[in-house]
Amino acid sequence: MPYIAPEIVAQARQVDLLTYLKNYEPSQLVPVCRNTFVTKEHDSLKISNGLWYWFSKGVGGKNAIDYLMIVKNLSFINAVQTVLGNMKIQAPVKYEQEEKNHERRLKIPVKASNNARAINYLLSRGIDKEIIQYCIENKLLYQEERTNNVVFIGYDNNKIPSYAFCRATNQERFMREATGSNKKYSFKIKAEKENNIVHLFESSIDLLSFATLLSSENRNWREENLLSLGGIYSSKYDLEKTKIPVSLTEFLEKNPNVNEVHLHLDRDLAGRNASTFFQQVLSKKYKVFDRPMAYGKDVNEYLCLKKGIKKIEKERTR
């Protein structure tokens, strides 16, 4: 195996993905809005705020080496050599992305005249109609007019919509955050009375699936704090790169009575890594319990398997 000096590896790691693609594979970059790109091969791979995240796979990173390993399936050595080889031919010009301005106004997708497609989609994922109706009545979700996507809404501390996550209601696994979304205020359902526990999920669908599971056990899901993290940033290859989501930090700061955190993250490698990291960091102040589903990739898959529902959603990687 070829040897590469640690200082040279460190130099290669400094090349973020936007800089790498701008310099060496510009045809791969597709702008979707100000300071945000996806790649031509994978429109669910979002590059923004100096980071990248592949929504359809639930993994992400920062530098080009992470991208080459995770997306292009290169070994670590080959990924480093690829970056260094390009740098030797042409020194990269650094491209900085502006920090997200969370004060930007949220551009909420226009509502459709009815929520029929959204309701049918959520029912097809095994979610109880009562829970869907509760969310619609409390303006937590609705159907988008132009695309028929289901839109999940998160509110700030003044009950102002500050986050919107859109998910396709057809067979494609298309997901995106609306422009101006502030991840501090991701989709959640707060307990109707004081509760010292918060349940964490990677997605809104998993959150609603868990509420359905509670309901099937005759437990009152409206007495629980349920928080979607809007995805997790967890490197499969470097646990130290995992980060505590700002949505969780915000929730814990604003709810000092909460002293228990229950993790219902995915059973894949990224989810297990994130769960391990959360336990290490949060256990200094909170009681942390790892509560993945007994089987299935995530909470919704577990729910579907229990109900005998065959998932037909296709991953969109165009």
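Just the heavy atoms: all of them, side chains too, but no hydrogens, waters or symmetry mates, feed the values below.
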> Between K193 and E223, does any NZ, NE, NH1 or NH2 come within less than 4.0 Å of an OD or OE carboxylate oxygen?
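The answer is yes: the pair qualifies as a salt bridge.
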
> Treating D156 as the side-chain partner and S162 as the backbone partner, does any N or O pair qualify as donor plus acceptor under 3.5 Å?
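Side chain of D156 to backbone of S162: no pair is present.
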
> Against H42, only a single residue in Y53, F37, Y67, W54 fulfils ring pair (Phe, Tyr, Trp, His ring centres under 6.0 Å); can you say which?
W54

> Should the heavy atoms of other residues, nucleotides or ligands under 6.0 Å from NZ of K107 be counted, would the total exceed 12?
no

> So, the side chain of N195 versus the backbone of N225: is there a donor-acceptor pair under 3.5 Å, distance only?
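Pair absent, no side-chain N/O of N195 close to backbone of N225.
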
> Check for a donor-acceptor pair, side chain of S275 on one end and backbone N or O of N273 on the other, with a separation under 3.5 Å.
no

> Hey, is the main chain of R222 close enough, under 3.5 Å, to the side chain of Y134 for a donor-acceptor pair?
no

> Got a sec, which residues hit salt bridge (Lys or Arg N to Asp or Glu O under 4.0 Å) with R219, two or more places apart in sequence or on another chain?
E217

> Using a cut-off of 6.0 Å, state whether more than 12 heavy atoms not belonging to K307 lie near its atom NZ.
yes

> Regarding Y121 and R125, is there a side-chain donor-to-acceptor distance under 3.5 Å anywhere?
yes

> Where the side chain of T19 meets the backbone of D16, is there a donor-acceptor pair that is under 3.5 Å apart?
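No; judged by distance alone, with no hydrogens or angles, the pair does not exist.
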
> Give a yes or no on whether a salt bridge exists between K183 and E250, defined as a side-chain N under 4.0 angstrom from a carboxylate O.
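No, K183 and E250 are not salt-bridged.
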
> Would N149 and R167 count as having a side-chain donor-acceptor pair, cut-off 3.5 Å?
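Their side chains do not contain a donor-acceptor pair, so the 3.5 Å distance test is not met.
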
> Looking at V288, is its backbone amide N or carbonyl O close enough to the side chain of S283 to form a donor-acceptor pair, meaning the two atoms are under 3.5 Å apart?
no

> Please determine, by modelled atom types, if E253 and T249 share a side-chain donor-acceptor pair under 3.5 angstrom.
no

> Taking atom NZ of K72 as the centre, report whether more than 12 heavy atoms of other residues, nucleotides or ligands fall under 6.0 Å from it.
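It does: K72 NZ has more than 12 such atoms within range.
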
> Measure up the Y163 and F165 rings against each other and bin them: parallel (under 30°), tilted (30 to 60°), perpendicular (over 60°).
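Taking F165 first and then Y163, their aromatic rings lie parallel (interplane angle under 30°).
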
> Kindly say whether D266 contributes a backbone atom to a donor-acceptor pair with the side chain of E202 at under 3.5 angstrom?
yes

> Counting only N and O atoms by type, is there a donor-acceptor contact under 3.5 Å from the side chain of S186 to the main-chain atoms of S228?
yes

> Between R267 and D298, is there a salt bridge with N-O shorter than 4.0 Å?
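No salt bridge links D298 with R267.
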
> Quick one: do the N257 and N196 side chains pair a donor with an acceptor below 3.5 Å?
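Note: N257 and N196 side chains miss the donor-acceptor criterion.
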
> Check for a donor-acceptor pair, side chain of N138 on one end and backbone N or O of L140 on the other, with a separation under 3.5 Å.
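Not confirmed, N138 side chain does not pair with L140 backbone.
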
> Look up atom SG in C135 and atom CG in L207, then write down how far apart they are to the nearest 0.5 Å.
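Reported value, rounded in 0.5 Å steps: 8.0 Å.
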
> Run through F201, F251, F152, Y155 and flag the one making a ring pair (Phe, Tyr, Trp, His ring centres under 6.0 Å) with F187.
F152

> Treating N115 as the side-chain partner and I119 as the backbone partner, does any N or O pair qualify as donor plus acceptor under 3.5 Å?
no

> Run the side chain to side chain donor-acceptor pair (under 3.5 Å) test against N86 and tell me which residues pass, sequence neighbours left out.
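Once residues adjacent in sequence are excluded, the partners of N86 under the side chain to side chain donor-acceptor pair (under 3.5 Å) criterion are Y20.
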
